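Values below: all heavy atoms of this structure, side chains included; hydrogens, waters and symmetry mates excluded. This structure is a prediction, so every number in the text was calculated from the model and none was measured.
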Amino acid sequence: MASLNLGYWVQSYSMSNQVSSISKSFPLPRSLPFNPLTTQSSSTLKKVNFSSLPSITSILTKEDIVKEEEQYPQKSSFDFNSYMLQKASSVNQALESAVSLRDPVKIHEAMRYSLLAGGKRVRPVLCLAACALVGGRESMAMPAACAVEMIHTMSLIHDDLPCMDNDDLRRGKPTNHKVFGEDIAVLAGDALLAFAFEHIAVSTVGVPPSTIVRAIGELAKAIGGEGLVAGQVVDIISEGLTDVGLDHLEFIHVHKTAALLEAAVVLGAIVGGGCDEEVEKLRKFARCIGLLFQVVDDILDVTKSSKELGKTAGKDLVADKVTYPKLMGIQKSKEFAEKLKTDAIELLQGFDPAKAAPLIALANYIAYRQN
């Protein structure tokens, strides 16, 4: 880790610029159309003095929280906990209504088991917050928010299967295939994926049809062969490789994790009536917090227990997966996370501060989450 070239790390943050050079023997799908540093070429990027950056910690002390509140006083006027509880409750009610228990009972039981198993609901809340930021109503974005959560749940069900990560625990409960069997788990994921698109198309109200079609196209691209699936595939075939670099790892997580978080924010902005400039600015914000989410996830995987995480801890290490702590070390990974969080918040400048408060708080929450 001591030999890590920090200048190279900063250049790798330009994401799509260097994806094609990852490995000539390892062809990758093209990156999603966002480069968070589009205003600077990689040759003009400067090295970061990491000693000047505040360090993000996986476990915050009371002193850390006080210091953070002093640095970001605007947060103290926004009750994040109440906001998340209220929005998560609304999302849960909408999900409960959308996926009711009906025939065939077995498949709907399996769908509901994972979909309603709890979770932080970060993705749907991001969708609702982005909609409100551009002047939309919550009702306009709720079907899209639910659709994103259905697809996220599908990805978890499939990710936990024996042919993938072979996991026994998810959100503190036995994984879907442990309860319903592998065959039903696969089909439950398939059903959630299909129903997500049906739900946006049928249940979205107060939004022009052309806008709904645009949102559906955005979501499909985010999870297909150029999005989530691309990241999953590259992640699988990278296990055990010894020559994986940061640009390679970044490709995996920009697609595997960040793409769906990005879709959640962008869908909210689209159905909320945001202009193209607003949508693209929020896309950049979402790309930063999406990558941030994964960096923190990697850190937590090696610093928390299974009980604390609600899922199996240390599984990336067991599977010999490439992670940020493995390539950069835990401390540099924390510093990278802090940089991503700062950049994300800066992208919200120019929006109404009161309406941007939930997204700022969500960025901080993702950075400092405990599981």
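Two residues are said to be in side-chain contact when any heavy atoms from C-beta on lie closer than 4.5 Å; Asp190 and His158 meet this criterion. In this structure the side chain of Thr204 never reaches within 4.5 angstrom of the side chain of Thr211, judged on heavy atoms. Within the 4.5 Å cutoff, the side chain of Leu291 has no heavy atoms near those of the Thr257 side chain. Side chains of Asp343 and Phe285 form no contact here, defined as non-hydrogen atoms less than 4.5 Å apart. At least one side-chain heavy atom of Tyr365 sits under 4.5 Å from a side-chain heavy atom of Val122. Counting only heavy atoms from C-beta outward, the side chains of Thr323 and Ile299 never approach each other to under 4.5 Å.
Across Val271 and Val207, no two heavy atoms sit closer than the pair O-CG2, 3.7 Å. Across all their heavy atoms, Leu347 and Lys281 have their closest contact at O-CE, 2.7 Å. Here the closest heavy-atom approach between residue Phe251 and residue Val234 is recorded as CE2-CG2, 3.7 Å. Nearest heavy-atom pair, Gly135 versus Lys355, reported as atom, atom and distance to 0.1 Å: CA-NZ, 4.2 Å. Of all the heavy atoms in Ser139 and Pro143, the pair that sits closest is O-CD, 3.6 Å. What you find for Ser82 and Asp79 is that their closest heavy atoms are OG-OD2, 2.8 Å.
To the nearest 0.5 angstrom, Arg123 atom CZ is 8.5 Å from Leu126 atom CG. The distance from the CZ atom of Phe80 to the CG atom of Leu85 is 9.5 Å, given to the nearest 0.5 Å. Atom CD in Glu338 sits 13.5 Å away from atom OG in Ser333 (nearest 0.5 Å). Rounded to the nearest 0.5 angstrom, Met142 CE and His199 NE2 are separated by 9.0 Å. Note that CG of Asp167 and CD1 of Ile157 are 13.5 Å apart. Values are rounded to the nearest 0.5 Å. For the atom pair Cys127 SG and Leu219 CG, the distance stands at 9.5 Å (nearest 0.5 Å).
Ionic pairing of Lys173 and Asp160 is not present here: no N-O contact between side-chain nitrogen and carboxylate oxygen is shorter than 4.0 angstrom. Between Glu346 and Lys341 there is no salt bridge, since no side-chain N of the basic residue sits under 4.0 Å from a carboxylate O of the acidic one. Note on Arg287 versus Glu262: salt bridge recorded, some NZ/NE/NH1/NH2 to OD/OE distance being below 4.0 Å.
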* **Residue pair Arg283, Glu218: steps toward the salt bridge (Lys or Arg N to Asp or Glu O under 4.0 Å) verdict** => CA-CA 11 Å; Arg283 185 188 300 279; Glu218 183 78 35; 2.7 Å; yes
* Asked: Could you go step by step and tell me if Lys326 and Asp298 meet the salt bridge (Lys or Arg N to Asp or Glu O under 4.0 Å) rule?
  -> CA-CA 9 Å; Lys326 184 175 181 179; Asp298 284 357; over 6 Å; no
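Looking at Glu96 and Asn92, their side chains never bring a donor and an acceptor atom within 3.5 Å of each other. Residues Ser114 and Asn176 have side chains that bring a donor and an acceptor to within less than 3.5 angstrom of each other. No donor-acceptor contact under 3.5 angstrom links the side chains of His108 and Ser100, judged on distance only. With hydrogens and angles left out, the side-chain atoms of Gln86 and Ser90 include a donor and acceptor closer than 3.5 Å.
Between the Glu278 side chain and the Cys275 main chain, a donor and an acceptor come within less than 3.5 Å of each other. Formation of a donor-acceptor pair under 3.5 Å by the Asp165 side chain with backbone atoms of Leu161 is not found in this model. Under a 3.5 Å cut-off, the side chain of Arg112 and the backbone N or O of Val99 do form a donor-acceptor pair. A donor-acceptor pair under 3.5 Å is formed between the side chain of Ser155 and the backbone N or O of His152.
Note: Phe180 and Tyr113 have perpendicular aromatic rings, judged against thresholds of 30 and 60 degrees for the angle between ring planes.
When the shell of 6.0 Å around NZ of Lys178 is examined, it contains 12 or fewer heavy atoms from other residues, nucleotides or ligands. For Lys120, the NZ atom counts as densely surrounded, since its 6.0 Å shell holds more than 12 non-hydrogen atoms of other residues, nucleotides or ligands.
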